[in-house]
Asker: 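Submitted below is the structure of interest, expressed as structure tokens.
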Amino acid sequence: MPRWVILVLSLACGVGVSTIYFPQAISSLVAADLDVSTGSAALVVTAAQFGYAAGIFLLVPLGDRLPHRPLIVTLLTLTAAGLLAASAAPSLPVLVVASAVTGVTTVVPQIIIPMAAGLVPAERRGAVTGTLLSGLIGGILLARTFSGTLGERLGWRAPYIVAAVIVLALAAILARVVRTPSRPRTSVTPP
């Protein structure tokens, strides 16, 4: 697997996980714009985290059963749809539901990391896994800075829109570059 593909996968891990962390920095902006309390606006963050936990439980096991590329691209596309729905939310309940949906589908890093580890030779596995985990942790750490800065300048909806565009771009790139080995076919020989 070429290094640039690993870097794109690392970026996908970081951007994917950032979508459940960046709402933390813009809760006060959401509260002010939707005219709700700060405590109520914090439900957006809670819904994203609960959705993420549900996605790990419900969707990550599909990585062992379904071809990786279509699963990753589908989840990224659904994440982008959830982000766009959140950006257009006219009220807090709609935003909470969109955040939960985004949380459920943003489990892409938990599918990418084992997939990539299985696609590289054993001697590169540690380095590749480390690079992907670096992307994931970078996404967690930079998410609040990204959304806080963008939210303060352009409003709380802007981080959702920018994240959706980036996630869709990554889905398009990964649809073309992620090559997973075909599943072995069992040959049936006639008796």
Side-chain angles (χ1 to χ4, degrees), residues 1-24 48-84 100-147 159 162-191:
M1 183 179 302
R3 289 182 192 270
W4 70 271
V5 172
I6 294 167
L7 291 175
V8 170
L9 291 172
S10 180
L11 182 63
C13 288
V15 171
V17 76
S18 74
T19 63
I20 59 166
Y21 286 98
F22 80 71
Q24 294 173 2
Q49 295 292 330
F50 275 118
Y52 186 61
I56 288 173
F57 180 72
L58 298 171
L59 297 179
V60 170
L62 294 176
D64 293 332
R65 294 188 168 94
L66 299 175
H68 292 123
R69 181 177 17 183
L71 178 60
I72 291 167
V73 171
T74 299
L75 289 175
L76 286 173
T77 304
L78 291 172
T79 298
L83 291 167
L84 289 173
V101 168
T102 301
V104 169
T105 60
T106 196
V107 295
V108 168
Q110 285 72 28
I111 295 167
I112 288 176
I113 293 170
M115 175 204 70
L119 292 176
V120 296
E123 63 273 4
R124 288 192 59 213
R125 208 165 279 149
V128 168
T129 301
T131 301
L132 297 176
L133 287 173
S134 295
L136 181 121
I137 292 168
I140 292 170
L141 294 175
L142 294 174
R144 287 182 257 186
T145 302
F146 158 76
S147 66
V162 171
V165 169
I166 294 170
V167 169
L168 281 175
L170 284 167
I173 292 167
L174 292 176
R176 295 182 146 291
V177 301
V178 173
R179 299 280 183 240
T180 56
S182 58
R183 302 213 184 255
R185 295 182 184 181
T186 55
S187 61
V188 178
T189 54

Asker: Can you list everything that forms a side chain to side chain contact (heavy atoms under 4.5 Å, CB included) with Ile140? Sequence neighbours excluded, please.
Answerer: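 Partners of Ile140 by the side chain to side chain contact (heavy atoms under 4.5 Å, CB included) criterion, ordered by chain and then number, come out as Val17, Tyr21, Leu136.
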Asker: Tell me every residue that passes side chain to side chain contact (heavy atoms under 4.5 Å, CB included) with Ile166, counting only those two or more places apart in sequence or in another chain.
Answerer: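 With neighbours one apart ignored, the set is Val15, Val162, Leu170.
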Asker: Minimum heavy-atom separation for Pro67 to Pro70, with atom names?
Answerer: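 For Pro67 and Pro70, the tightest heavy-atom pair comes out as O-CD, 3.4 Å.
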Asker: Would you mind reporting whether Val165 and Leu83 have side-chain heavy atoms less than 4.5 Å apart?
Answerer: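 SC-SC contact between Leu83 and Val165 ruled out.
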Asker: With a 4.5 Å cut-off on side-chain heavy atoms, are Cys13 and Ile113 touching?
Answerer: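 Yes - at least one pair of side-chain heavy atoms lies under 4.5 Å apart.
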Asker: I'd like to know if the side chain of His68 and the backbone of Ile112 have a donor-acceptor N/O pair within less than 3.5 Å.
Answerer: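 Here the side-chain-to-backbone pair does not exist.
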Asker: At their closest point, which heavy atom of Pro159 faces which heavy atom of Ser147, and how far apart are they?
Answerer: CG-O, 3.7 Å
Asker: Going from CD1 on Ile137 to CG on Leu142, what distance comes out if it is rounded to the nearest 0.5 angstrom?
Answerer: 11.5 Å
Asker: Ignoring hydrogens and angles, write down the donor-acceptor pairs under 3.5 Å from the side chains of residues 115-122, residues two or more places apart or on other chains.
Answerer:
none

Asker: Tell me which pairs pass side-chain hydrogen bond (donor to acceptor under 3.5 Å, both in side chains) where either residue lies in residues 2-15, with sequence neighbours left out.
Answerer: none
Asker: Between Ser18 and Gly139, which heavy-atom pair has the shortest distance, and what is it?
Answerer: CB-O, 3.5 Å
Asker: Working to the nearest 0.5 angstrom, can you tell me the gap between Leu62 CG and Leu75 CG?
Answerer: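 One finds 8.0 Å between CG of Leu62 and CG of Leu75.
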Asker: Atom CD1 in Ile72, atom CG in Leu66: separation rounded to 0.5 Å?
Answerer: 11.0 Å
Asker: Determine the minimum heavy-atom distance between Gly55 and Val107, stating which atoms define it.
Answerer: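 Smallest heavy-atom distance, with atoms named: C-CG1, 3.5 Å.
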Asker: Excluding sequence neighbours, so at least two apart, what forms side chain to side chain contact (heavy atoms under 4.5 Å, CB included) with Leu84?
Answerer: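 With neighbours one apart ignored, the set is Ser87, Ala164.
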Asker: How long is the span from the CG atom in Leu174 to the CG atom in Leu76, to the nearest 0.5 Å?
Answerer: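 Answer rounded to 0.5 Å: 6.5 Å.
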Asker: Please, which pairs that meet side-chain hydrogen bond (donor to acceptor under 3.5 Å, both in side chains) have at least one residue in residues 105-127, sequence neighbours excluded?
Answerer: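 Residue pairs passing side-chain hydrogen bond (donor to acceptor under 3.5 Å, both in side chains), neighbours aside: Thr19-Thr106, Tyr52-Gln110, Thr79-Thr105.
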Asker: When rounded to the nearest 0.5 angstrom, what is the spacing between CG in Leu59 and CD1 in Ile111?
Answerer: 7.0 Å
Asker: Report yes if the side chains of Val104 and Leu58 come closer than 4.5 Å at any heavy-atom pair, otherwise no.
Answerer: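 The answer is no; the side chains never approach within 4.5 Å.
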Asker: Between Gln49 and Ile20, does the side chain to side chain contact (heavy atoms under 4.5 Å, CB included) criterion hold? Intermediate values first, please.
Answerer: CA-CA 6 Å; Gln49 295 292 330; Ile20 59 166; 4.2 Å; yes
